[in-house]
There are 2 protein chains.
Amino acid sequence: MDIGEFSAMAESAVAAREVIIAFVHCQITYSGRAEAFLGRGDRVLLIKADSTVIIHQPEGSNPINYMRPGSAVTFEKVDQHVMMHVMNSGDKSFLDVEIFRVYDVASRKLEDGQKQDLAGSERDMSDHIRDNPTLIGNDFHPISREEQTDVGFIDVFGHDKQGHFVVVECKRITASLMAVDQLRRYVERVKQIKGTQVVTGVLAAPSITPNARDMLESYGFRYAHVQPPMRLERWHRDQKKIFEY
Amino acid sequence: MDIGEFSAMAESAVAAREVIIAFVHCQITYSGRAEAFLGRGDRVLLIKADSTVIIHQPEGSNPINYMRPGSAVTFEKVDQHVMMHVMNSGDKSFLDVEIFRVYDVASRKLEDGQKQDLAGSERDMSDHIRDNPTLIGNDFHPISREEQTDVGFIDVFGHDKQGHFVVVECKRITASLMAVDQLRRYVERVKQIKGTQVVTGVLAAPSITPNARDMLESYGFRYAHVQPPMRLERWHRDQKKIFEY
DNA sequence: CGTGCCAGGTGCCAT
DNA sequence: ATGGCACTTGGCACG
C-alpha cells in the first residue's frame, strides 16, 4: 500500500475511533519509564479505539512496544516513509514508529460491550476456604475474608477453639518466599493490633517451594495443602475424550 | 469475507508459519489456569508464526484472551461459522473461539530478527549505584552486585569503613512494603551467613510509600533517594522544545 | 488518587 | 525443570 495513502487513512481512522491493524516494516524508539530502540523489521501494528497502541513482533506472546490508552497519535510524512508519533502525557512517554512499508492494513469501527466472566481466582479460593474451614484445620473458625489492615489485607481471618487468632494467606499457585513475607507481615500486625503474642499463621496453597517452607517453619507458621477451585476443569473432562480416539 | 474461505486460508497460513490478523465477530471460551467465557462481540484476532494466539477487544491495553507459543491451532466448520480450537499441552489449556463473521483478514510471512535495546532497568540502576556508591552514602563500599543467596539475590552488597556489611535493595519505582520485606529477608540471611548482628539495610528508590517507610525504620533500615538512570530522558529533552512553540 | 496486591500474570536468569 | 524476581508489569479494590 502507498505510504501516503496509509498516513491519511490511519489519521482519519484514529479520529473516528476505529481500530486499525496492519503489517508494517518499521523501526521503533520508546522513551518513558525506560528508553528503548528496535531496529527495522516486520511487525504487527494495532491501534485501538481508545488510542492504545500495541506492536507485536512475529513471535512471542508479549508486545514489543505499547502505549497506554488515551495517547495522542499523529502521523507525519517524511520522504517515502511515515513517522507515527505517539505521546502519552499521563505517564510522560513517547513512542515513535518510523514506518517504511505497509504490507496490509484494515480499519473498522468495532462493537463490543462484553465483559469476560472468569472463575478460578484467589478470591474464589478464599471464599472456598471460608466455606470449608476444615481445609485449614479441624480447629479453624473463620471470622472474615479480605480483612483490611494498614499493611495489606488478610485473605482469611479467624480463630481457634481457645480463641487464638488465625491468619490465612492464600496462593493459587506455588507459594514462594514472598508469600511467607506477606503472612509474616500480617501476623505481626495482628499481634500489635490485638495485643497478643499468640497468633497462628497458615499459608494455604497447592504447593510450596522448599526455601519458602523452611522460612515458614522458622517463623512457626504452618502450610495447608489446598487446591484452588476450578483448576484445569476442562482439561480433565476433555482429556478422556481425546484419549478415546 | 466468506467464513469457509477464512477457515481454509487461516489453516494454510498457520501451517506456513505466517502471521494472521483479523477483525472478527466471535465468542470465546477459555479453560486452563482459570475458566473464562466471553460473549459475542467484535474483536481483533492475532495468530503469530509460533502459534501464539492473542485476542483484543476494541479498547484496553491487555489482550482479553491469549494462548502461549507452541499451541495447536485447528479450524472446524460448523454451519455458517468457524470454530477455532487452540490447545496447549504444555500448560494444559484450551481456547475455543467461535467465529461468526470475519470483517477483514490478512496473513503474511513476516521477517524480523531484531532484538530490542532497552535501558533504564533495575539492573542498570544497581550498576549505577555500584559505580557511584556515594548515592547510598559517603561510607559505602560495594563488593558485589546481584549477589546470590538461597533467599534471593542482593542487588548491591558492600561494607562500610568499619567493615560492617551493607545490603542495598533497589527499586526503579516507588518502594512498597514488599520491597522492605525483601530487604529484611536479605539482611537476616546475611546476618546468619556472616555470623554477625551488625548488618545495614538500605532501600534505594526514587520514592517510598509512608507505610513502607515506617516499616523500614522499625527494622532499623534506611532509605536512600536514588533516581533510576535514563528515566524520562526524552520527555525532559522534548518538553522544552514543545514549550518553545 | 495513592497504597497494596492479584494476575490465566510473562519473561529472564540462576542453580 | 524449579526457584526467585523484575516488569515501560497491568488492573482492581479500598481508604
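Order of the sequence lines sets the chain letters (A, B, ...), proteins ahead of strands, with each chain counted from 1. Values below: every heavy atom of this structure, side chains too, minus hydrogens, waters and symmetry copies.
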Evaluate B:R213 against B:E217 for salt bridge (charged side-chain N to carboxylate O under 4.0 Å, His left out), listing each step before the verdict. CA-CA 6 Å; B:R213 181 142 211 168; B:E217 288 169 0; 3.3 Å; yes

Would you kindly give the [atom1]-to-[atom2] distance between [X] and [N], to the nearest whole Å?
X      : N      : atom1 : atom2 : answer
A:M215 : D:dG4  : CE    : C1'   : 12 Å
A:Q116 : D:dG10 : CD    : C1'   : 15 Å
A:R145 : C:dC6  : CZ    : C1'   : 13 Å
B:E146 : D:dG4  : CD    : P     : 16 Å
A:I54  : C:dT10 : CD1   : C1'   : 15 Å
A:D124 : D:dC12 : CG    : C1'   : 15 Å
B:E59  : D:dG11 : CD    : C1'   : 15 Å
A:D91  : C:dC1  : CG    : P     : 14 Å

With a 4.0 Å cutoff (strictly under), does any side-chain N or O of [X] reach OP1 or OP2 of [N]?
X     : N      : value
A:R33 : D:dT9  : yes
A:S61 : C:dG11 : yes
B:Y66 : C:dG9  : no

Suppose the criterion is ring-ring contact (aromatic ring centres under 6.0 Å, His included): which pairs have a residue in residues 165-194 of chain A, not counting sequence neighbours?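 Non-adjacent pairs meeting ring-ring contact (aromatic ring centres under 6.0 Å, His included): A:F157-A:F165.
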
Would you indicate what A:I64 reaches in the nucleic acid, counting non-hydrogen atoms under 4.0 angstrom: base, sugar-phosphate, or nothing? base

Residue list, side chain to side chain contact (heavy atoms under 4.5 Å, CB included) with B:N132, at least two apart or on another chain: B:H128, B:L135

Using the side chain to side chain contact (heavy atoms under 4.5 Å, CB included) criterion, which residues pair with B:P142? Sequence neighbours excluded. B:R130, B:P133, B:F140, B:V156

Residue of the set B:T200, B:V166, B:V167 for which side-chain contact (heavy atoms from CB on, under 4.5 Å) holds with B:V190: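 By the side-chain contact (heavy atoms from CB on, under 4.5 Å) criterion, B:V190 pairs with just one of B:T200, B:V166, B:V167: B:V167.
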
I need the single residue from A:I55, A:N88, A:T29, A:V73 that forms a side-chain contact (heavy atoms from CB on, under 4.5 Å) with A:L95. Which is it?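 By the side-chain contact (heavy atoms from CB on, under 4.5 Å) criterion, A:L95 pairs with just one of A:I55, A:N88, A:T29, A:V73: A:I55.
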
Expected rows: protein N/O vs nucleotides 13-15 of chain D N/O, under 3.5 Å:
none

Between C:dA7 and D:dA6, how many Å separate the two C1' atoms, rounded to a whole number? 15 Å

When you compare D:dT8 with D:dG4, how far apart are their P atoms, in angstrom units rounded to a whole number?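 About 23 Å, rounded to a whole number of Å.
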
So do B:M125 and B:Q227 actually touch side chain to side chain, heavy atoms under 4.5 Å?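 A side-chain contact is absent here, since even the closest heavy-atom pair is not under 4.5 Å.
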
Are the side chains of B:V180 and B:N211 in contact, using a 4.5 Å heavy-atom criterion? no

Test ring-ring contact (aromatic ring centres under 6.0 Å, His included) applied to B:Y219 - qualifying residues, sequence neighbours left out: B:F221

Check for a donor-acceptor pair, side chain of A:D155 on one end and backbone N or O of A:C170 on the other, with a separation under 3.5 Å. yes

Do any N or O atoms of the protein come closer than 3.5 Å to N or O atoms of nucleotides 2-5 of chain C, and which pairs are they?
| residue | atom | partner | partner atom | Å |
| --- | --- | --- | --- | --- |
| C:dG4 | OP1 | B:N211 | ND2 | 3.4 |
| C:dG4 | OP2 | B:T209 | OG1 | 2.9 |
| C:dC5 | OP1 | A:V151 | O | 3.1 |
| C:dC5 | OP1 | A:R185 | NH1 | 3.0 |
| C:dC5 | OP1 | A:Y186 | OH | 2.6 |
| C:dC5 | OP2 | A:R185 | NH1 | 2.9 |

Can you find a donor-acceptor pair, distance only, under 3.5 Å between A:N65 side chain and D:dT8 base? yes

Of the candidate nucleotides D:dG11, D:dT8, C:dG11, which contains the atom at the shortest distance from the side chain of A:N62?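 Of D:dG11, D:dT8, C:dG11, C:dG11 is nearest to the side chain of A:N62.
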
